[in-house]
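One structure is given below, encoded as structure tokens.
Everything numeric in this text was worked out from a predicted model, so none of it was measured. Only heavy atoms go into these numbers, but all of them, side chains included; no hydrogens, no water, no symmetry mates. Order of listing sets the numbers, starting from 1, for every ligand and every atom in it.
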Amino acid sequence: MSDQSGGGIGVEIIGSALHLPEGTLTNKDLEGMMDTSDEWIVKRTGINTRRRADIANGETTSVLATEAMRKALANAKVDATELDLLLVATMTCDSPTPSVGCVVAREVGCRDIGAMDINAACSGFLYTVSMADAMIKSGTYKTIGVIGADCITRHIDYSNFGRGAAILFGDGAGAMVLRATDDSSKGMISHKMHADGNGAKHLFIPSCEIDFPEEAEFDERKLDKVQMNGQAVFKFAVTKFQEVISETLEESGLSADDIDHFVCHQANSRILDSARERFGIPSEKLLVNIQKYGNTVGGSIPIVFHELVADGKVQPGQKVMFLAFGAGLTWGSSLWQL
Ligand code: UT7
């Protein structure tokens, strides 16, 4: 590949897509399942409705991921056989093995390329897209499919004990196709990946009794269901979200005004508002779609990105900052020159 811009390989996002389950779970539906209200949910989170996959009838994480990848390949006008690697950000693999990556690669018709899952919870897509950029820039891979997909509702307790998480989460998937380009100005400019396992106790899914941290109290010790200390996660998210924006801007020598789109993990509209207020980000630069989908974990960022693309708001030459935080605890950023 010839170099036209002073060294190295660039990376372009040449296609994107989203795929959501048909089934919905509205605030009204939740009112019938637990002690909550539409008014409370809208006021405290900004969410009106969310999608819920019909897992019992085969609508699994792999199915959502496959459909998102198929559409992203079509939008990129790339055949599945052109992919050199497939990476899936998910924390809700259908079963311990095969990975969602292996299933998607089979279903969309990839060659026998590498395919794997990466688990960093709600920060998963951000970690994955950052790694994909580095792998392309290393010269080893030319075209990588990147997916964020989760069916988190299978791990939700729809009773009063689980209402903190039940109102927040929904299912969904988004995908991108990344490709090497001669224009080395394109691709990731800067990124941050952070994790602090000390905070794991605030947001986790226990598999067995010993997974419950001793120091934390729980209303009901339900296995296989999201256990969340909402206030602790809220505080962490507001703090780290702002910190990582500052870190990333400082490292790249840019100001918030230089960024065209802040593509943020959708966890609670109040968390997004806190960052907008702190950095003076106008609402048209930070799309909020949480009212429609809730928190879709790994799917959240590529879903927001694709909605911007579909609306014609994403243009070559723009700068986009992807931002996420979530269980682990994990958080980070990935700043791109399109
Ligand atoms: O990817 C990261 C995923 N997780 C997050 O981002 C979670 C971040 N945290 C949050 O979004 C918020 O903490 C929640 C939405 C989960 C909860 O909102 P909050 O404003 O932090 O509520 P709270 O836990 O401080 O509870 C305030 C009141 C309490 O009642 P009292 O004690 O004041 O009478 C709760 O019992 O609201 C009550 N409450 C509810 N009421 C109706 C808590 N959950 C609900 C509910 N419906 N679902």
I'd like the name of whichever of F236, W40, W331, F234 reaches closest to atom 37 (O) of ligand 1 through any heavy atom.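 That would be W40.
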Which residue from Q231, K235, H265 reaches closest to atom 21 (O) of ligand 1 through any of its heavy atoms?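 The option holding the nearest heavy atom is Q231.
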Which other residues end up in the same hydrophobic cluster as V104, if Ile, Leu, Val, Met, Phe, Trp and Tyr are linked when side-chain heavy atoms come under 4.5 Å apart?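 Members besides V104, by chain and number: I14, M69, L73, V78, L83, L86, V88, V100, V108, I113, I147, V177.
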Judged by modelled atom types alone, do [X] and [Y] share a side-chain donor-acceptor pair under 3.5 Å?
X    : Y    : value
T90  : D150 : yes
K313 : H261 : no
D183 : T181 : no
D79  : T81  : yes
S252 : S190 : no

With heavy atoms only and a cut-off of under 4.0 Å, state how [X] meets ligand 1: side chain, backbone, both or neither.
X    : answer
L168 : side chain
T36  : both
N295 : side chain

Which of the atoms in ligand 1, numbered in the order shown and given with their element, are less than 4.0 Å from a heavy-atom of [X]?
X    : result
F325 : 1 (O)
V233 : 4 (N), 5 (C), 6 (O), 7 (C)
T45  : 15 (C)
I167 : 48 (N)
C122 : 1 (O)

Contacts satisfying side chain to side chain donor-acceptor pair (under 3.5 Å) that involve residues 168-177 (not counting sequence neighbours) are T153-D171
Tell me: protein heavy atom nearest [atom], and distance?
atom                    : value
atom 36 (O) of ligand 1 : R163 NH2, 2.9 Å
atom 6 (O) of ligand 1  : A267 CB, 3.4 Å
atom 20 (O) of ligand 1 : R44 NH2, 2.6 Å

[atom] touched by protein heavy atom at under 4.0 Å:
atom                    : answer
atom 29 (C) of ligand 1 : no
atom 11 (O) of ligand 1 : yes
atom 4 (N) of ligand 1  : yes
atom 14 (C) of ligand 1 : no
atom 34 (O) of ligand 1 : no

Evaluate the side-chain proximity of L178 to M176: yes if any heavy-atom separation is below 4.5 Å, no if none is. yes
Aromatic ring pairing W336/F322, orientation class (parallel under 30°, perpendicular over 60°, tilted between): perpendicular
Can you confirm whether more than 12 heavy atoms, excluding those of E39, are under 6.0 Å from its CD atom?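 For E39, atom CD is not crowded (no more than 12 foreign heavy atoms under 6.0 Å).
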Would you say G230 has any N or O atom under 3.5 Å from an N or O of ligand 1, going by distance alone?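 In this structure, G230 places an N or O atom under 3.5 Å from an N or O of ligand 1.
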Going by distance only, is there an N or O of N268 that falls short of 3.5 Å from an N or O of ligand 1? yes
Return yes when M34 approaches ligand 1 closer than 4.0 angstrom through a heavy atom, no otherwise.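 No heavy atom of M34 comes that close to ligand 1.
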Measure from NZ or CZ of R52 to the centre of the six-membered ring of Y158, then state whether that distance is under 6.0 Å and the direction lies within 45° of the axis.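 Judged by the rule (NZ or CZ under 6.0 Å from the ring centre, within 45° of its axis), R52 counts as positioned above Y158.
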Any donor-acceptor pair under 3.5 Å linking the side chain of Q337 with the backbone of G317? yes
Do NZ/NE/NH1/NH2 and the carboxylate oxygens of E307 and K292 come within less than 4.0 Å? yes
